[in-house]
Structure formats: structure tokens, C-alpha cells
2 protein chains.
Amino acid sequence: MLNFIEIKVLHIDDHLLFAQGIHSLLGNETFIRELIHAQTLNEGIRIAEKLQPELILLDYFLPDANGIESLQLLQKISPSSKVILLTMESNPDVIENCKREGAIGFLQKTIGKKTLLEALNKAMQNIPTFPPSILAPTRQSNPQSLVKILSKREKQIANMVSEGLTSAEIAKKLFLSELTINTHRRNIMQKLELKNSAQLVAFIEKLKFMDIS
Amino acid sequence: MLNFIEIKVLHIDDHLLFAQGIHSLLGNETFIRELIHAQTLNEGIRIAEKLQPELILLDYFLPDANGIESLQLLQKISPSSKVILLTMESNPDVIENCKREGAIGFLQKTIGKKTLLEALNKAMQNIPTFPPSILAPTRQSNPQSLVKILSKREKQIANMVSEGLTSAEIAKKLFLSELTINTHRRNIMQKLELKNSAQLVAFIEKLKFMDIS
DNA sequence: AAAAAAATACCAATTTCTAGGTATTGGAAG
DNA sequence: CTTCCAATACCTAGAAATTGGTATTTTTTT
């Protein structure tokens, strides 16, 4: 344990009770000099800017931003901070995205204090901590990478489809020809390799659920 | 505060770290004689049976059961226990269902220690604690009550539709006529007052998300 | 400036879905 | 025992979606 190094930790999580719990749990860990809590990303960014914490514990779901955005913003504001996601999310795609975006760790809230401390220490030694699930190679389709290939218009139309609008209705709303909407729909289907709009809607709703739209 | 009454509390939550935090946070509250933690509903039920706790703090999402089921089972096993939902869920329908099923409180994890203690004390005086959202009368469609009116077959077919299967494919899988599937689909649409399968799929996916299927 | 991608629009054919009706069977509830 | 509902199945007509191809204009990227 590198307990001789005292670090500043910023914990961003809208679940106040959880944050208070963490605070109480880590309260007498001597290697933590400061443990600050922010309940929104905005608040977190303001604090991170001033505090320049060595470590940021970040919840994936925040009221004012989605996980990936939060991660990117924080790293821009405070590049020296190491970010560990601490969240209940467990989707492999989400975890992989966080890893790719430069997080040094991803912890689920199902872990215990011991595991948390281990991860904190590892992070300070620049050793990443990720759940084993992302090591499993059994993966073929990554929703996020797929959605990235949709253009703005296509995303817009995909969303309207998943709200139950017909092509004709979408056309009217966007002041476009129905034929144009049909073309867009066809392109969306091809790009996402889906075979009907039921699958498209299921796909879109799952994205919304996972908060990576 | 009724601090002179010492109660036994059971906390059921798969998020160990959160539970440890709560434990640490409530550790020196004298009105709590015992604070036991269970990580699954099964474990929780075993403990509740023996312990007969005055109070149960229950997470809505558990790995081995959904929220309503958990609530019902616990009340059967330990009828004298008051149950407070302590969860990140905030859907008004879910809250209302919990209230209807006999919970004495519903708390989101965004609250703080103070609010939690207040709710615990109230619960022991038989005073319920629910978020103000369910008092708001602006509600017309309750997904759960809607889904309840679907028959088994209809639910099954609705789910297959939301997986992207066509009527013909569903018919083949279930060894039924495609015409039968069409009839079922029509009845589903009518019962749920939806106008196309896109809306149906969105509806089903939201239910899955909310864990009230 | 040239090439690539996105957005737009059209035609035609086919499949799938939606909506109206009807009807038989079996089981559950009264 | 009868009445109600779920599950099954059929017919028909029309609406919507899917799939094939093509083409022009604008925007973005190289």
C-alpha cells in the first residue's frame, strides 16, 4: 500500500446517501487528504478545476450529463486527474467505452471497501482496474460504434421511428418528401444491419437505456 | 425522535459498497440494535425469517428478483416488518406499486443521512414516507396496469415482436397460423391503445427497463 | 479543387402490418 | 350449467414498410 502518499479525491455522484456512505467508509483512511463530493457534473467540474484532484470517482449516470461526456469533460478540465468510474452499470460496451476514453478503472457498486481501496491504490500506481467481463472476447456488435456511423438526420429519423411515427408523419414534421424518409430508413437499416423497424426501435430504446445516444 | 426504542434493521441490497457505507453511516445510531446486510433476496429472506426485523430497507433491483416480488415475499415471511424501499429508481408507477403493495416508505439514494433517519423514525411510528411525485395527479397511462391486461400468449407474442420477429416467424416458432398471430397482435394493440408495432416495441423495451414485465 | 459523404427525391415491386369482420374450441368463473 | 374470455383460425382490403434501382444537390473531407 502506498499510504504515504496523500491524495485529493473528488467523488461525483448524484446519490447523496451513497456518497455520504463512502465518505464515512473512507473517513479515516490516512492516504486520503481530502474527499470532496459533488452531486452533479457541473458542480464536479467546478471543483475539479480548482482542486485538481489526483483521483476522481465518477458515477456513470448523472442528472446533467451522460457517462462518456462526463469522462471527456473532466479529463479536459483536469488532465492530471485519474478517473475511476464507480457505478452500478455493468454493460460491457459501456465499460469498454470508458476504458477507451481514458478511465483508469471501472468499479461496480457491488464491490466492497477492500476492493475499492485496492483499486484506488492501483490507480495511483497507474495500474488500471477493470472487471474481467471486458476481457471476454465473445462480442460481435457494439451498439455505440454502430450508432456512430449514423448521420445526424439518420439519428433524428431513427428516434422518430422509435416514437411510433410513420414515414408519412415524419415527412410532414420535417418538411421532406416521404420518399426521402424511406431512403433514410433504408440507409439506417443497412448501416445497423437490422431487418425491420421493430429491431430498430428495440435498438434505439436500448441505447436510450444505456445512455449512449 | 424515538431513540429509546431499539430496532433490528435488515438491509437488502446487491451493492455491497453502498451497504457498507450505510453501515458505517448508521453505525453509531443508538436506536439501531442490529443492522444486518443481505446481498440477495434469497439471503434476505433467510435472515428475515430468523431475525424478524422491525424494519427492512429494500433495494428495488436485486439480482434474483424484481422489486414487487421481493416486497410481497418479504411481507409474507416477516409480516411484522415494515419495509422501506431504498433505491435509485424514481418511476412514479414503480413508487405507486410499492405503496399499493404495502411498503411504508420509498426513498431514493439521492437523499441524505438526515432524511433517511427521519424516514426510519417515521416508519417506526407508522408514518409513511413517499416522494411527492406520486401526489401529482398528472398521470393518465400506467404501463403496469396496462400490461396486466395482456394474456400470457399476448405477452409472449409482444415480446417476440419486440425482438424483431415478423408475424410469419412467430407463427413458425409457436406452431400457429400466421392469422392467429395477426389476431393476437391486433388484440395487443387494442388493449394497449397503440397504433403501430414501433410503439409496441418502445413500450415493451421500457417495461423491460423498468423491470415490471 | 477533387473526392467522399450526406441529404434529398423518385419509380416500382413485394412483403408485412393494420383493421374490419366472423367463428370455433376449451377452460375458468359465476 | 351457462356465460365469459383466451386462444385459435379464416377472409378481405388497405396502409405501411421493405427492397431494388437511380439521380441531383449540398456539405464535408481530403
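Computed over heavy atoms, backbone and side chain alike; hydrogens, waters and symmetry mates excluded. Everything quoted here is computed from the prediction, not taken from an experiment.
Applying the 4.0 Å criterion to OP1 and OP2 of C:dA9, one finds that A:Thr180 has a side-chain N or O inside that range. Between A:Thr183 and C:dC10, a side-chain N or O to OP1/OP2 separation shorter than 4.0 Å is absent. Between B:Ser167 and C:dC17 there is a side-chain N or O to OP1 or OP2 distance below 4.0 Å. The shortest distance between the side-chain N/O atoms of B:Arg185 and the OP1/OP2 oxygens of C:dC17 is below 4.0 Å. Taking side-chain N and O atoms only, A:Arg153 has a distance below 4.0 Å to OP1 or OP2 of C:dT8. Note on A:Ser177: every side-chain N or O is 4.0 Å or more away from OP1 and OP2 of C:dT8.
The NZ-C1' distance, from B:Lys191 to C:dA19, rounds to 17 Å in whole Å. Here the C1' atom of nucleotide D:dA6 and the CG atom of B:Leu150 are 12 Å apart, to the nearest Å. One interatomic measurement links the two molecules: CG of A:Leu192 to P of D:dT18, which rounds to 13 Å at whole-angstrom precision. C:dA12 atom P lies 16 Å from atom CD of A:Glu178, rounded to whole Å. As rounded to whole Å, 6 Å separates atom C1' of C:dC10 from atom CG of A:Leu179. We find that CD1 of A:Ile157 is positioned 13 Å from C1' of C:dA9, with the value rounded to whole Å. The distance between atom NZ of A:Lys195 and atom P of D:dA17, rounded to the nearest whole Å, is 16 Å. The nearest whole Å value for the distance from the CD atom in B:Glu154 to the C1' atom in D:dA6 is 8 Å.
Listed here is the closest heavy atom pair of A:Pro53 and A:Ile56: CG-CG1, 3.8 Å.
For the side chain to side chain contact (heavy atoms under 4.5 Å, CB included) test with B:Val161, the passing option among B:Thr166, B:Leu200, B:Ile188 is B:Leu200; the others fail.
Picking from C:dC17, C:dT18, C:dT8 the nucleotide with the shortest atom distance to the side chain of B:Asn196 gives C:dT18.
Sequence order on DNA chain D of the closest nucleotides to A:Ala168 and A:Arg186 puts A:Ala168 first from the 5' end.
A cation-pi contact, defined as under 6.0 Å to the ring centre and within 45° of the axis, is absent between B:Lys99 and B:Phe106.
Between B:Glu205 and A:Lys206, the closest side-chain pair of non-hydrogen atoms falls below 4.5 Å. Side-chain contact between A:Lys191 and A:Leu150 is present, with heavy atoms from C-beta onward closer than 4.5 Å.
Nucleic acid contact class of B:Asn187 (heavy atoms, under 4.0 Å, all strands): none.
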